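On a predicted model such as this, the values are computed, not experimentally measured, just so you know. Residue numbers start from 1 in every chain, and the chains themselves are labelled A, B, ... in the order their sequence lines are given, proteins ahead of strands. FYI, side chains are in, hydrogens and waters are out, and symmetry mates aren't considered; it's all heavy atoms of this structure.
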Number of protein chains: 2
Amino acid sequence: MADTAPPSGPAGTPRSGRPRYGARPTMKDVASRAGVGLKTVSRVVNGEPGVTPDTERRVQDAITALGFRRNDSARILRKGRTASIGLILEDLADPFYAPLNRAVEEVARDHGALLINGSSAEDADREQELALAFCARRVDGLIVIPAGHDHRYLEPEIAAGVATVFVDRPAGLIDADAVLTDNFGGAREGVAHLVAHGHRRIGFIGDQPHIHTAAERLRGYRAAMETAGLPVDGSWVSPGSTAPGRVRAEAERMLTGPDPVTALFTGNNRVTVTAVRVIAELGRPVALVGFDDFELADLLSPAVTVVAQDPARLGRTAARLLFRRLEGVEGAPRRVELPTRLVPRGSGELPPPSA
Amino acid sequence: MADTAPPSGPAGTPRSGRPRYGARPTMKDVASRAGVGLKTVSRVVNGEPGVTPDTERRVQDAITALGFRRNDSARILRKGRTASIGLILEDLADPFYAPLNRAVEEVARDHGALLINGSSAEDADREQELALAFCARRVDGLIVIPAGHDHRYLEPEIAAGVATVFVDRPAGLIDADAVLTDNFGGAREGVAHLVAHGHRRIGFIGDQPHIHTAAERLRGYRAAMETAGLPVDGSWVSPGSTAPGRVRAEAERMLTGPDPVTALFTGNNRVTVTAVRVIAELGRPVALVGFDDFELADLLSPAVTVVAQDPARLGRTAARLLFRRLEGVEGAPRRVELPTRLVPRGSGELPPPSA
DNA sequence: CTGAAAGCGCTTACAG
DNA sequence: CTGAAAGCGCTTACAG
């Protein structure tokens, strides 16, 4: 008899209508179990009209019995769009980018898209590798916080229809949508704030100058000093790595030399935190304004005055622009610049020591 | 002549061998342009042996000319595994989970897999929706920080071969791999530390008790008190929302009542930060130990003593376990528990006010 | 209302 | 060394 076939254990059930272990039932399996055609199953799964209640029920029963779940990868292959976007940031672990990440996710979710994530680790090669891997998966769009300065490698992808928006820093050597913070204006305002509180000797410690945001902030510092008619001594300006060791050394040098600065403008949150430590160890108050807000800045004493960006808004704006492009909005690449906000908390309002 | 066909603008090039705008060249396009078979292109693209240098060059030229990039979605459909994993956490914007996220990414990268991300927003329905969406995309594996307490919805997926590891909190109503922190032991140690510094009246403010980690930490608090032979007044124990308003009210109540506690044990980083604010406003030192480390804890005054978890290790451990499962390691579900580390910084070593 | 055929862009299993 | 055929699991376009 046909039933004398060897009993099928959990690891392999050749009996028709049931998938083998580790495999998954397909629409074909559902169709044969329900005794209908493939297209009818497709109609039920996708809620398309034109199926009698009785047929629908039979299909639903088969779906439940087999534990069928539509394979969206196959669907996607046929439909063209993948309903997924890729986001490349510098470091998924960096608290500064976390709200940006979440904001992008929310917008993607509103549009029914999934989010693929990756960290460039501030390495141009890794950025490219990730971006192209995402494109190979045929993401509909790409949001990139660039690490590199040459994005020509993306030209074929963009031409092929991958919507691409750069955030936080502009693209290099290609013309593309970008959503940025007004780094120049923010830094200028922060330094002007120190000037307004009587400082004339203001130090700048920032990130490496090849990073766009760092260069812009340094430019803002210089502009504020020039506007105020203040000279800038070369020894007051220190762009470079944000490694605590270097920042610490530079802050100590500027604050304890023969003719010390009376205030510090720090170019990003990591620099600011190290500067706070140095000042605390110094034992005397030093005026400080930092670029980027950070948690607990208000709990330190003195509380730290900052030029705040809005990372969530950066992400939201970029993602919305991306989906607008995907919906067919054409036009020249856009450059959106978001404002900063000066948050006075105490450290930036300290006067210079009365000479 | 054939060349009298209407000129083809950028939006549509019917000329054979070139894709229309917005579409992408396929292996078939490459094959016909190079004058070879489809399989030969596949061999070149995948670096398989058995192609003469001359043929290979012709194929490479066609690839370059057309800007071909293999469609990994199609490849995946045929191969079975998608080389992607999904990670569901509570909130991509939460700095606590950011290092976990990055650690998972690094392990995935080591295994050539991409990372799809999502936030449950502490909502069980949204967790399920995300998990099933990831499964529909046929991720190879799933790492979940669960929001819900019933994960039976994942049983068909797990049976179908989706490797699944829970992190930070265990799965509900199913038996599955889990990587957890020793919340009980950590809390017990933190409270015992306060006891060792002379405190007998210690308050506990924690998260909602239906959250596994919160319940475990409360259990640790009670165990430490009991071990020390100290009674626990009901008014000293406050599990509930971590919203600043509630935490603030509870901290103020415990610290300013008729018979106030002399020390506070706070159940997570958000609670700790609010407690620090309340204590700062109070104007007198109060001993404090918090569960979870946080940035700048050492810069506050007094610096905050914490029971630290290692979120990156949590993520790394979970991801490694996941890939071991994907490599075929069978066996009963595992439960890994990672130790905490008490970090004395000052606030936890304050003595009770001399009565 | 229902379904057979063709095709999305690859890989697998074979055959020359 | 090379390639035609079949198939991964769906959807599209059509026909009954």
Taking only N and O in the side chain of B:Ser42, is any of them less than 4.0 Å away from OP1 or OP2 of C:dT11?
yes
Without hydrogens or angle criteria, can the side chains of B:Glu90 and B:Ser119 be said to hold a donor-acceptor pair below 3.5 Å?
no
Between the protein and nucleotides 14-16 of chain D, are there any N/O to N/O pairs under 3.5 Å, and if so, what are the atom names and distances?
none

Charged N to carboxylate O under 4.0 angstrom, A:Arg324 versus A:Glu330?
no
Please determine, by modelled atom types, if A:His151 and A:Gln128 share a side-chain donor-acceptor pair under 3.5 angstrom.
no
Can you tell me the distance, in whole Å, between the NZ atom of B:Lys79 and the P atom of C:dA13?
10 Å
Would you call A:Arg169 and A:Glu122 a salt bridge, using N to O less than 4.0 angstrom?
yes
Single hit among B:Ile174, B:Asp175, B:Leu142 for side-chain contact (heavy atoms from CB on, under 4.5 Å) with B:Ile158:
B:Ile174
Distance col, row A:Ile63:CD1 vs A:Met27:CE, nearest 0.5 angstrom, shows 7.5 Å
By the 4.0 Å heavy-atom rule, please label A:Val45 as base, sugar-phosphate, or nothing.
nothing
For atom CE of A:Met27 and atom P of C:dG7, their distance in whole Å:
20 Å
Whole Å only: how far is the CG atom of B:Asp54 from the P atom of D:dC1?
13 Å
Where at least one partner belongs to residues 51-94 of chain B, residue pairs that pass ring pair (Phe, Tyr, Trp, His ring centres under 6.0 Å), sequence neighbours excluded:
none
Apply side-chain contact (heavy atoms from CB on, under 4.5 Å) to the pair B:Arg325 and B:Arg334, showing each step before the final yes or no.
CA-CA 11 Å; B:Arg325 293 298 194 191; B:Arg334 276 184 219 169; 4.2 Å; yes
Any pair with a residue in residues 119-144 of chain B that passes ring pair (Phe, Tyr, Trp, His ring centres under 6.0 Å), sequence neighbours left out, goes on the list, sorted by first then second residue, please.
none
By a strict heavy-atom criterion of less than 4.0 Å, which residues belonging to residues 67-78 of chain A are in contact with DNA chain C?
A:Leu77, A:Arg78
Rounded to the Å, how far apart are B:Arg58 CZ and D:dC1 C1'?
12 Å
Nearest-Å distance for atom pair CZ/P, residues A:Arg81 and D:dC10:
22 Å
Among the candidates C:dG3, D:dT11, D:dT2, find the nucleotide nearest to the side-chain atoms of B:Thr40.
D:dT2
Please list every stem that involves DNA chain D, where a stem is a run of 3 or more consecutive Watson-Crick or G-U wobble pairs with both pairing distances under 3.5 Å.
C:1-3 with D:14-16, C:5-12 with D:5-12, C:14-16 with D:1-3
From NZ of B:Lys28 across to C1' of C:dG7 the rounded distance in Å is 9 Å
Output every pair passing ring pair (Phe, Tyr, Trp, His ring centres under 6.0 Å) with a member in residues 104-132 of chain B, not counting sequence neighbours, ordered by first then second residue.
B:His111-B:Phe323
Taking atom types as modelled and ignoring hydrogens, do the side chains of A:Asn71 and B:Arg137 form a donor-acceptor contact shorter than 3.5 angstrom?
no
Under 4.0 Å between a side-chain nitrogen and a carboxylate oxygen: does that hold for B:Asp29 and B:Arg33?
no
Check whether any side-chain nitrogen or oxygen of B:Thr55 sits under 4.0 Å from OP1 or OP2 of D:dT2, and answer yes or no.
yes
Nearest-Å distance, CG (B:Asn46) to C1' (C:dC10)?
9 Å
Could you check how far CG of A:Asp29 sits from P of D:dG9, rounded to whole Å?
8 Å
